[in-house]
Amino acid sequence: GSGEAFIPLHFAAGDALQFDWSEERVVLGGVEQKVKVAHFRLCHSRKPFIVAYPGESQEMVLDAFARALSFYVGVPRRVIIDNPKTMVTYVSRSKDRVFHPRFLALMNHYVMEPVACTPASGWEKGQVENQVHFLRGRLFVPMPAFDDLDGLNNWLRLRCEELASRAHPEQSSRTIAEVFEDERAELRPLGRAFDGYVEKTVRVRSTCLVQYASNRYSVPSRFAGQHVSLRAYASRIVLVSGQDVIAEHKRRFTRNVSYFEPWHYVPLLDRKPGALRDGAPFVD
């Protein structure tokens with residue numbers, strides 16, 4: 001189909017999940033910065049889930065959905081989205097959609113139907129848009145401060161659970177959490193988590209480094225000059241040659257920095273023993 005459908009005002013249990021992004025300001029490690037926050041809302045129970053990232057790139061979209069479905073411990077039948085390029089690559093005049101291949105792989109993995117709103121008609125996912133404004137006032141004013149993004153996200157997850165103790169907007173005698181317990185029975189089993197990476201082929205430099213975004217990451221020296229597969233996840237970088245994982249790094253969001261694993265360079269010390277004293281991989 002076109003990926004667009006009539007979006008009702010009332011939703012049956014297990015029917016739909018709404019998704020949106022917001023931009024918020026937080027303090028991480030003593031530094032004030034912007035983060036992108038992925039918002040999810042089960043349309044029947046109204047239970048929220050949010051998770052923060054440094055950006056809203058493809059791999060972060062995939063990671064956010066996997067985290068949300070794990071939080072709900074189940075899968076709804078549909079997901080209602082806008083038309084960002086990480087999810088929808090083309091909208092025709094007749095409003096037919098071409099979904100991004102990786103996003104479609106995510107939907108197929110969980111057997112969810114993606115439903116895209118009419119362009120410039122965000123009210124069609126009004127629940128989650130209202131949630132963005134409500135949670136901004138509840139969670140991001142005053143500005144939260146944590147050591148790192150993991151600390152922030154652990155806190156956000158706990159707050160989502162606490163906020164579910166509020167009265168349900170349509171079933172005022174019950175809480176959101178109580179209605180969610182009924183809805184959870186209607187969600188399909190979660191199954192194996194989606195492996196949410198974006199992959200590209202890269203050439204290993206003579207310095208045993210590969211580049212992704214603005215930074216460089218090392219691989220074992222024997223792969224210098226070869227082509228390998230780089231899998232970018234929301235929080236890590238994995239390098240693969242054939243079927244073998246040859247290196248893994250924590251993903252960094254700095255600019256123009258090289259990240260070395262010293263063991264990748266040890267074989268070169270036979271030929272260049274002075275590198276142990278002066279080489280960048282061994283500085284620390």
Side-chain angles (χ1 to χ4, degrees), residues 18-41 47-72 81-82 84-87 102 106 128-164 193-198 209-218 230-239 247-262 280 283-284:
Q18 292 187 6
F19 170 79
D20 203 2
W21 286 103
S22 74
E23 182 176 273
E24 311 296 344
R25 300 197 71 87
V26 299
V27 177
L28 298 178
V31 179
E32 182 180 333
Q33 54 193 276
K34 294 178 183 178
V35 294
K36 295 291 186 176
V37 178
H39 286 256
F40 296 85
R41 189 179 180 92
K47 187 165 185 177
F49 174 73
I50 64 175
V51 56
Y53 295 92
E56 50 184 287
S57 58
Q58 183 76 59
E59 57 271 26
M60 294 170 192
V61 170
L62 304 176
D63 184 77
F65 270 88
R67 289 197 192 205
L69 297 176
S70 175
F71 176 77
Y72 294 126
I81 61 171
D82 256 335
K85 293 189 181 300
T86 51
M87 301 181 191
R102 283 300 281 161
L106 172 80
V128 75
E129 295 215 342
N130 290 337
Q131 173 178 299
V132 167
H133 297 297
F134 174 76
L135 293 188
R136 178 171 291 145
R138 284 293 189 98
L139 303 182
F140 296 98
V141 179
M143 200 180 303
F146 290 89
D147 291 339
D148 53 28
L149 200 61
D150 288 340
L152 171 63
N153 282 329
N154 290 336
W155 178 75
L156 291 175
R157 185 185 182 100
L158 289 173
R159 291 304 311 273
C160 286
E161 293 286 12
E162 292 171 6
L163 288 166
F194 182 72
D195 196 8
Y197 61 82
V198 172
L209 296 169
V210 298
Q211 180 147 354
Y212 187 76
S214 299
N215 294 308
R216 296 168 295 278
Y217 303 89
S218 69
L230 184 151
R231 295 177 181 175
Y233 292 82
S235 60
R236 59 195 173 106
I237 298 293
V238 175
L239 286 308
E248 184 169 339
H249 294 265
K250 178 180 178 180
R251 184 168 175 182
R252 310 287 183 159
F253 296 93
T254 49
R255 295 189 65 83
N256 197 32
V257 178
S258 296
Y259 294 96
F260 300 102
E261 166 51 63
V283 166
D284 297 324

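One is the number of the first residue; the rest follow in order along the sequence.
A donor-acceptor pair shorter than 3.5 Å cannot be found between the side chains of Asn130 and Arg41. Residues Asp195 and Tyr233 have side chains that bring a donor and an acceptor to within less than 3.5 angstrom of each other. At a cut-off of 3.5 Å, with distance as the only test, a side-chain donor of Thr254 or Asn215 sits close to an acceptor on the other residue.
Residue Leu139 is tested with Ile50, Leu152, Val26 for a side-chain contact (heavy atoms from CB on, under 4.5 Å); the sole match is Ile50.
In this structure a side-chain-to-backbone donor-acceptor pair under 3.5 Å is present from Gln58 to Thr86. A donor-acceptor pair under 3.5 Å is formed between the side chain of Arg102 and the backbone N or O of Tyr197. Using a distance-only test at 3.5 Å, with no hydrogens or angles considered, a donor-acceptor pair links the side chain of Asn153 to the main chain of Ala52. Using a distance-only test at 3.5 Å, with no hydrogens or angles considered, a donor-acceptor pair links the side chain of Ser218 to the main chain of Glu261. Checking side-chain atoms of Asp82 against main-chain N and O of Pro84 turns up no donor-acceptor pair under 3.5 Å.
Taking 4.5 Å as the limit, some side-chain heavy atom of Leu209 sits within range of a side-chain heavy atom of Phe260. Between Val132 and Val37, the closest side-chain pair of non-hydrogen atoms is not below 4.5 Å. Within the 4.5 Å cutoff, the side chain of Gln33 has no heavy atoms near those of the Arg25 side chain. Contact check for Glu129 versus Asp20: side-chain heavy atoms found under the 4.5 Å cut-off. Side-chain contact check for Asn256 versus Arg216: some heavy-atom pair is nearer than 4.5 Å. Two residues are said to be in side-chain contact when any heavy atoms from C-beta on lie closer than 4.5 Å; Phe194 and Leu69 fail this criterion. Residues Phe19 and His39 have side chains not in contact (no heavy-atom distance under 4.5 Å, counting atoms from C-beta outward). Between Val210 and Leu239, some side-chain heavy-atom pair lies under the 4.5 Å cut-off.
Taking CD of Glu56 as the start and OG of Ser22 as the end, the distance is 9.5 Å to the nearest 0.5 Å. Distance check: Gln131 CD to Cys160 SG gives 7.0 Å after rounding to the nearest 0.5 Å. In this structure, Ser235 OG and Asp150 CG are separated by 7.5 Å, a value rounded to the nearest 0.5 Å.
In summary, Lys36 and Glu24 do not engage in a salt bridge, as defined by a charged side-chain N under 4.0 Å from a carboxylate O. Classification of Arg236 and Glu248 as a salt-bridged pair holds, one side-chain N sitting under 4.0 Å from a carboxylate O. A salt bridge is defined here as a Lys NZ or Arg NE, NH1 or NH2 lying under 4.0 Å from an Asp or Glu carboxylate O, and Glu162 with Arg138 fails to meet this definition.
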Verdict with reasoning, Leu28 to Asp147, per side chain to side chain contact (heavy atoms under 4.5 Å, CB included): CA-CA 5 Å; Leu28 298 178; Asp147 291 339; over 6 Å; no
Verdict with reasoning, Trp21 to Val61, per side chain to side chain contact (heavy atoms under 4.5 Å, CB included): CA-CA 10 Å; Trp21 286 103; Val61 170; 3.8 Å; yes
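Taking the six-membered ring wherever Trp is involved, the centroid distance between the rings of His249 and Tyr217 falls below 6.0 Å. For an aromatic pair to be called close, the ring centres must be under 6.0 Å apart, and Phe40 with Phe65 satisfies this.
Taking both residues in full, the closest heavy atoms of Phe140 and Leu156 are given as CZ-CD2, 4.1 Å, listed atom of the first, atom of the second, then distance. The shortest non-hydrogen separation linking Gly55 to Met60 is O-SD, 3.1 Å. Across Tyr212 and Leu230, no two heavy atoms sit closer than the pair CD1-CD2, 3.5 Å. Across every non-hydrogen atom of Glu59 and Ala232, the tightest pair is CB-O, 3.4 Å. The shortest non-hydrogen separation linking Tyr53 to Ala38 is CE1-CB, 4.4 Å. For the pair Phe253 and Ala234, the tightest heavy-atom approach, listed with the atom from each and the gap, is CZ-O, 3.6 Å.
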